[in-house]
Number of protein chains: 2
Amino acid sequence: MPVTRGRRADARRNVTAILDAAVECLSRDPDASVADIAQAAGIGRVTLYGHFASRGELLDAVFSRAMRHADAALDDLDIEGDPRQAMTALIRSSWRIVSQSRALLTAAQRGLPHGRVRELHEEPLRRIERLIERGREQGTFRADVPVPWLVATFFSVLHTAADEITAGRLDEAAAPHAITGTLLAAFTPPGQPVPAPE
Amino acid sequence: MPVTRGRRADARRNVTAILDAAVECLSRDPDASVADIAQAAGIGRVTLYGHFASRGELLDAVFSRAMRHADAALDDLDIEGDPRQAMTALIRSSWRIVSQSRALLTAAQRGLPHGRVRELHEEPLRRIERLIERGREQGTFRADVPVPWLVATFFSVLHTAADEITAGRLDEAAAPHAITGTLLAAFTPPGQPVPAPE
DNA sequence: CGTTAGTCGAACAGCGGTGTTTGAGTTAGC
DNA sequence: GCTAACTCAAACACCGCTGTTCGACTAACG
């Protein structure tokens, strides 16, 4: 019952402590146990179960909170104007978020029911979709492949970059250039020249 | 002890039956248990352990066999000539393989030690690397991002397409066009026009 | 046709996780 | 300062999985 209001102050404090600890633990190990998380939060396992009925419920809460934060961070971003410039900005902001909480995604994909991850991604996803559609109408982005495919490509490239960095095959400093370069090229309509990134 | 020669005929038959069943089970459920696999192979669990000392060893055998098959399938493919055309051909062939055994990869990533999956990917991976390098030297592919990054992009896009199909968001028939279109664009040097796929 | 390699089911031990109960202790809030 | 809300450690039952052992059975191979 993680209702955050009407409860005692220490209870509320504990809920966020659990959530924070969960983020930390799951980022380190996507299979982290409830016991691990409780310990990292500095509370007893029983207390945790007092707030979240099951491991799944906790996972859901953790991930959906992270997505809310991500979406909020994207809120103060100007999506209007030249689609290509807007896209570059959107990529940069998204990259910051993804590169931070990539491990969390793995945990969510492993422990949440099929489709739930996507469901929680819905809002930030629609942002990208809208921008792509606008760019298509103006002829800036390619129209010979479906929009959902371009959206998927967007996410895919970001996550791949994160993976490559963790694997030590991609320099963290070189990532932004590689990502934007790749995505802007992937979005360019056949026949048009690939824009130089940055 | 999966030494395939010098053993009795039924033993050899069983080993391949196990491997086949494992592919089938793990494709359906990446967390399939040893019991599931044994049952699907039509043999006892004990017999399976007679051939593979542990779950991990079985998984390794399954996946490395799959990779050997994949690499062999790529062998009769002409990589010489125009890099762009060669790349298109390589993408098509790789796509056939990936789209078939994508679920297997998930199982391998989950159950094999870190890096082992990549290790087994090494040979087919080098194929792509060589082609990309050749294309760079000729100015056909972009040189402003690292080669390993382009290789990672290659795999990433293929796997994403497979995921999108399973999720029902991408039409199977539309996939090849989307994939080659995206990858050829992503590989194009800044300033050069994006080639029309196919 | 005999020997040996291989198979089989049942049963066991061990592990690590989840989720629950109990009863006593502590802290917030009025 | 009283009470209700909350915390906590320990212990429990339960689950499914892995990997092993046993002894009997059966099929391959020479």
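These values consider heavy atoms only, across backbone and side chains, with no hydrogens, waters or symmetry-generated copies. Naming: A, B, ... by sequence-line order, numbering from 1 per chain. In this text, all values refer to a predicted model and were calculated from it rather than measured experimentally.
Straight-line distance from the CG atom of A/L58 to the C1' atom of C/dT18: 13 Å, rounded to whole Å. Between the P atom of D/dT18 and the CG atom of B/L59 lies a distance of 11 Å, rounded to the nearest Å. At whole-Å resolution of the value, CD in B/E57 and C1' in D/dT18 are 14 Å apart. Across the protein-nucleic acid pair, B/Q39 atom CD and C/dT7 atom P stand 18 Å apart, rounded to whole Å. Atom P of nucleotide C/dG19 and atom CG of A/L48 are separated by 10 Å, given to the nearest angstrom. Remark: C1' of C/dG16 and CG of A/D29 are 13 Å apart, rounded to the nearest angstrom. Atom pair A/F52:CZ and C/dT20:P shows a separation of 15 Å (rounding to whole Å applied). One can place CZ of B/R12 at 11 Å from C1' of D/dC29, the figure rounded to the nearest angstrom.
Taking 3.5 Å as the limit, the base of C/dA5 and the side chain of B/R8 contain a donor-acceptor pair of atoms between them. With hydrogens and angles left out, the side chain of A/R45 and the base of C/dG19 share a donor-acceptor pair within 3.5 Å.
At a threshold of 4.0 Å, the pair B/D163-B/R169 does not count as salt-bridged, since none of the basic side-chain nitrogens sits closer than that to a carboxylate oxygen. Salt-bridge check for B/E137 with B/R134: failed, with every basic side-chain N at 4.0 Å or more from each acidic carboxylate O. Ion pairing between a basic and an acidic side chain is recognised when a charged N comes within 4.0 Å of a carboxylate O; A/R130 and A/E133 show no such pairing. For A/R126 and A/D71, the salt-bridge test fails: no basic side-chain N is under 4.0 Å from an acidic carboxylate O.
Closest to the side chain of B/V46, out of C/dT18, C/dG29, C/dA10, is C/dA10. Taking only side-chain atoms of A/S54, from C-beta outward, the nucleotide of D/dT18, C/dT18, C/dG19 with the closest atom is C/dG19. The listed nucleotides are C/dG19, C/dT7, D/dT21; the one nearest the side chain of A/Y49 is C/dG19. In this structure, the nucleotide among D/dT18, D/dT7, C/dT7 sitting nearest to the side chain of A/D10 is D/dT7.
Over its length, the helix from C/dC1-D/dG30 to C/dC30-D/dG1 turns its helix axis by 30°, as judged from the five terminal pairs at each end, rounded to 10°.
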*Could you walk me through whether A/T180 and A/W95 pass the side-chain hydrogen bond (donor to acceptor under 3.5 Å, both in side chains) test, one step at a time?*
CA-CA 10 Å; A/T180 55; A/W95 167 241; over 6 Å; no
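Dashed line: the shortest gap from a side-chain N or O of A/H51 to OP1 or OP2 of D/dC6 is not under 4.0 Å. The phosphate of D/dC6 (OP1 or OP2) has no side-chain N or O of A/N14 nearer than 4.0 angstrom.
Listed here is the closest heavy atom pair of B/A53 and B/E57: N-OE2, 3.3 Å.
Projected onto DNA chain D by closest heavy-atom contact, B/A9 and B/A32 fall at different nucleotides, the more 5' of which corresponds to B/A32.
Classified by interplanar angle (parallel below 30°, tilted 30° to 60°, perpendicular above 60°), the ring pair A/H121/A/F63 is tilted.
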